[in-house]
Protein chains: 2
Amino acid sequence: MSTVFKALADPTRRKVLELLREKPMTAGELAEHVVITKATLSSHFAVLKAASLVSTVKEGTTITYHLRLSVLEEAMLDFTRLFGWTLSSSETSEVTE
Amino acid sequence: MSTVFKALADPTRRKVLELLREKPMTAGELAEHVVITKATLSSHFAVLKAASLVSTVKEGTTITYHLRLSVLEEAMLDFTRLFGWTLSSSETSEVTE
DNA sequence: CTCCTATTTCGATGTTTTTCTAAATATCAA
DNA sequence: TTGATATTTAGAAAAACATCGAAATAGGAG
């Protein structure tokens with residue numbers, strides 16, 4: 001849980017997660033949306049990966065990042081429960097993966 | 001939002017918030033529940049205060065910490081909304097403050 | 001094989017965080 | 001005022017983080 005919150009503590013990383021919410025994207029595509037070097041972004045990816053918030057798929061020369069929505073949701077669920085809150089997904093339909 | 005998540009990234013700080021959820025407590029009382037020095041705990045308080053997650057009330061020689069539930073809830077609300085989730089409070093009754 | 005593109009790793013540097021002990025501050029009681 | 005208690009601040013050292021430019025790795029094209 002600490003690793004998830006630590007990952008969420010950085011604006012760039014939150015932005016990456018938001019972008020990935022729309023669709024999986026390559027490191028290069030993601031880089032076009034932020035104002036830091038690719039090297040720096042790459043280390044942010046490592047933090048997100050350490051928190052299991054994203055997964056990667058290598059396709060030839062590119063690496064595509066996928067959001068692990070369930071991991072994020074689980075962490076939020078666990079935490080919000082501690083405070084007597086209820087978290088519900090509006091769009092629960094893709095169990096296809 | 002970053003300050004809130006940063007505050008939540010530490011287990012000791014999350015524990016403090018959970019304890020305060022039950023009732024306001026003094027620094028000394030909180031210290032009885034964790035295994036670090038009071039000085040260290042005090043700096044954790046500073047982080048929580050910087051995130052506006054707690055407020056303090058001085059009563060003579062003691063300082064009582066109060067959870068600012070609304071601030072925490074607001075941050076969670078803002079964040080979870082980004083992912084299409086809905087957060088609802090089961091116990092919403094204290095608007096007294 | 002050589003070159004180009006995509007991405008990560010390396011090495012350096014500066015900042016922030018965590019934690020401790022010791023000292024300072026403030027309040028209350030005698 | 002002196003002493004005891006509650007809490008924070010100061011100062012220091014170690015670890016973690018953020019960031020960059022440059023170099024390394026790996027695939028595909030020619």
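Here the structure is a predicted model, which means the values were calculated and not measured. Order of the sequence lines fixes the chain letters, A, B, ..., with proteins taken first and strands second; residue numbering starts at 1 for each chain.
- Residue B:I36 is classed as a sugar-phosphate contact, given heavy-atom separations below 4.0 Å to backbone atoms only.
- The side chain of A:T37 places an N or O atom within less than 4.0 Å of a non-bridging phosphate oxygen (OP1 or OP2) of D:dC20.
- Within the 4.5 Å cutoff, side-chain heavy atoms of A:Y65 are placed close to those of A:L30.
- In this structure, the side chains of A:L87 and B:T86 stay at 4.5 Å or more apart for every pair of heavy atoms.
- If you take CZ of A:R14 and P of D:dA18, they are 12 Å apart, rounded to a whole angstrom.
- In this structure, the CD1 atom of B:I63 is 15 Å from the P atom of C:dT25, given to the nearest Å.
- Looking at the side chain of B:K38, the nearest of the listed nucleotides D:dC17, D:dT19, D:dT8 is D:dT8.
- For A:T40, a side-chain nitrogen or oxygen approaches OP1 or OP2 of D:dC20 to under 4.0 Å.
- In the set C:dT19, C:dT8, C:dT18, C:dT18 carries the atom at the smallest distance from any side-chain atom of B:R13.
- Side-chain contact between A:T64 and A:E59 is present, with at least one heavy-atom pair separated by less than 4.5 Å.
- Residue contacts shown for A:T62 are limited to sugar-phosphate atoms, with no base heavy atom under 4.0 Å away.
- Counting only heavy atoms from C-beta outward, the side chains of B:R14 and A:F79 approach each other to under 4.5 Å.
- Of the two residues near DNA chain D, B:E29 and A:D10, the one whose nearest nucleotide lies more 5' is B:E29.
- Side-chain contact check for B:S43 and B:T40: no donor-acceptor pair (N or O, by modelled atom type) lies under 3.5 Å.
- Protein atom NZ of B:K6 is 5 Å distant from nucleotide atom P of C:dT17, rounded to whole Å.
- Taking side-chain N and O atoms only, B:Y65 has a distance below 4.0 Å to OP1 or OP2 of D:dT8.
- With the nearest nucleotide of DNA chain D identified for both A:A39 and A:T61, A:A39 has the one nearer the 5' end.
- Between the P atom of D:dT9 and the CZ atom of B:F45 lies a distance of 12 Å, rounded to the nearest Å.
- Closest to the B:K58 side chain, of the nucleotides C:dA26, D:dA26, C:dT8, is C:dA26.
- We find that CD of B:E32 is positioned 9 Å from P of D:dA6, with the value rounded to whole Å.
- Residue A:A27 has its side chain nearest to C:dT7 when only C:dT7, D:dA6, D:dT19 are considered.
- D:dT8 atom C1' lies 15 Å from atom CG of B:L48, rounded to whole Å.
- At the heavy-atom level, A:K49 lies nowhere under 4.0 Å from the strands shown.
- Within the structure, a side-chain polar atom (N or O) of B:T26 is placed less than 4.0 Å from OP1 or OP2 of D:dT7.
- Considering only side-chain N and O atoms, B:H44 lies nowhere under 4.0 angstrom from the phosphate OP1 or OP2 of C:dT17.
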